[in-house]
Amino acid sequence: MRAFDNTPLARDGKVLILAYDHGLEHGPVDFEDVPESANPEHVFDVATHPAVTTVAVQKGIAEAYYPSYEDDVNLLAKLNGTSNLWMGEPDSAVNCSVDYAADIGACAVGFTLYGGSNHEIEMAEEFREVQERAREHDLPVVMWAYPRGQGLKNDTKPDVIAYAARQALELGADIAKVKYPGRAGMEKAVRMAGKTRVVMSGGSKRSDREFLENVKAAIDAGGVGLAVGRNVFQRENPRRILDGLEQVIYEEASVDTALAAMDR
Ligand code: FBP
């Protein structure tokens with residue numbers, strides 16, 4: 001296991017990954033509510049907020065925009081990803097190598113594994129190559145542990161999420177990013193993940209209170225933080241919700257305290 005606590009990926013042992021690969025994974029629809037969110041410079045500016053430990057992007061965005069932000073933002077290179085135009089059984093193309101991620105300044109790498117897909121075997125083999133190469137570069141590995149495919153209709157059932165977290169441990173991920181399965185489900189996922197740390201995936205946009213309550217429950221359940229996209233960049237004032245997240249994640253503050261901090 002690669003200790004990530006002393007890497008730029010962590011702040012006081014906690015993590016807030018600002019995920020911004022939605023243009024590939026979901027397409028322009030995710031940028032409709034807040035048009036400036038389609039501009040990577042806007043999101044890199046948001047990522048300079050001290051609550052954000054790293055921004056997760058695909059290679060093309062990293063190449064084009066990261067050079068202007070490398071002094072202020074830490075980069076997590078998302079190595080695989082697929083568009084929503086793909087209608088087959090869940091799968092994800094490997095778009096970037098670990099060597100190339102290291103060359104462009106990544107402090108960590110991310111990889112999606114669709115456990116339960118008909119393509120799980122190939123994806124797990126691709127993950128092996130990524131994980132072993134990342135060890136050579138001393139880069140922490142974050143697994144987007146997303147069970148989905150053939151028989152798996154509900155990918156947020158607690159037992160399914162716990163299995164995904166365990167799969168991340170068994171395959172050597174340092175951090176498992178899982179869909180939020182509720183407080184009890186998160187506790188189980190953390191237990192099953194052992195030394196692999198667990199972060200909650202943000203999901204679709206919710207109210208400030210509901211979102212912060214979910215994050216608070218994930219932290220109280222033993223999660224080390226959050227990987228979030230839409231609940232930040234789909235807000236008119238993304239820095240405001242980051243002020244609240246900073247309280248909940250790093251200060252372990254209550255949701256009411258966090259909401260008050262957002263209005264100061
Ligand atoms: P969100 O916080 O917006 O859910 O982002 C996290 C993330 O994993 C992104 O990295 C990715 O683009 C997206 O969710 C994938 O969502 P899904 O595959 O569930 O539609």
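Values in this document were obtained by computation on a predicted structure and should not be read as measured data. Counting convention: from 1, in listed order, for ligands and their atoms alike.
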Study note, to complete from the structure: Here the atoms of ligand 1 under 4.0 Å from any heavy atom belonging to Val228 are 2 (O)
Practice item. Looking only at protein heavy atoms, identify the closest one to atom 12 (O) of ligand 1 and say how far it is in Å. Key: Asp21 OD1, 2.7 Å
Review point. When the aromatic ring centroids of Phe233 and His42 are compared, is their separation below 6.0 Å?
Key: no
Exercise for review: Determine, for Arg183 against Glu187, whether the closest basic-nitrogen to carboxylate-oxygen distance falls under 4.0 angstrom.
Suggested key: yes
Exercise for review: Run the salt-bridge test on Asp99 and Arg133 with the 4.0 Å N-O cut-off and return the result as yes or no.
Suggested key: yes
Point to revise | Stacked cation flag Lys179 on Tyr146, 6.0 angstrom / 45 deg | key: yes
Review point. Short list, please: which atoms of ligand 1 are under 4.0 Å from a heavy atom of Ala19?
Key: 10 (O)
Check your understanding: Going by the order shown, which atoms of ligand 1 are within less than 4.0 Å of some heavy atom of Lys179?
Key -> 16 (O), 17 (P), 19 (O)
Check your understanding: Is the shortest distance from a Lys or Arg side-chain nitrogen in Asp159 or Lys188 to a carboxylate oxygen in the other one below 4.0 Å?
Key -> yes
Review point. Closer than 4.0 angstrom: is that true for some heavy atom of His26 and an atom of ligand 1?
Key: yes
Practice item. Output the list of atoms in ligand 1 that are nearer than 4.0 Å to some heavy atom of Ser201, sorted by atom number. Key: 6 (C), 8 (O)
Check your understanding: Between Arg240 and Asp208, is there a salt bridge with N-O shorter than 4.0 Å?
Key -> yes
Review point. Should Glu25 be counted as touching ligand 1, given the test is an N or O pair under 3.5 Å?
Key: no
Exercise for review: Could you list which atoms of ligand 1 come closer than 4.0 Å to a heavy atom of Arg230?
Suggested key: 1 (P), 2 (O), 3 (O), 4 (O)
Point to revise | Under-4.0 Å heavy-atom contact with ligand 1, by part of Met200 that carries it | key: neither
Practice item. Using a strict cut-off of less than 4.0 Å between a Lys/Arg side-chain nitrogen and an Asp/Glu carboxylate oxygen, indicate whether Lys14 and Glu251 qualify as a salt bridge. Key: no
Revision key, fill the gap. Ranked by distance from atom 5 (O) of ligand 1, the top protein heavy atom is His22 NE2, 3.0 Å
Check your understanding: Backbone or side chain, does any N or O of Asn231 fall under 3.5 Å from an N or O of ligand 1?
Key -> no
Revision key, fill the gap. One finds that the ligand 1 atoms under 4.0 Å from a non-hydrogen atom of Arg148 are 17 (P), 18 (O), 19 (O)
Check your understanding: Can we say Glu63 and Lys59 salt-bridge, meaning some charged N sits less than 4.0 Å from an Asp/Glu carboxylate O?
Key -> no
Check your understanding: Considering only heavy atoms of Gly203, which atoms of ligand 1 have at least one such atom less than 4.0 Å away?
Key -> 1 (P), 2 (O), 3 (O), 4 (O)
Review point. If you group Ile, Leu, Val, Met, Phe, Trp and Tyr by side-chain heavy-atom gaps below 4.5 Å, do Val57 and Val109 land in one group?
Key: no
Exercise for review: Please examine the side chains of Thr54 and Leu18, heavy atoms only from C-beta on, and report whether any two atoms are closer than 4.5 Å.
Suggested key: no
Check your understanding: Does the N or O separation between Tyr114 and ligand 1 drop below 3.5 Å for any pair?
Key -> no
Review point. What about Tyr146: any of its N or O atoms under 3.5 Å from an N or O on ligand 1?
Key: yes
Check your understanding: Are Lys216 and Asp256 close enough for a salt bridge, meaning some N to O gap below 4.0 Å?
Key -> no
Check your understanding: In ligand 1, which numbered atoms sit nearer than 4.0 Å to a non-hydrogen atom of Lys177?
Key -> 6 (C), 7 (C), 8 (O)
Check your understanding: Would you say Gly229 has any N or O atom under 3.5 Å from an N or O of ligand 1, going by distance alone?
Key -> yes
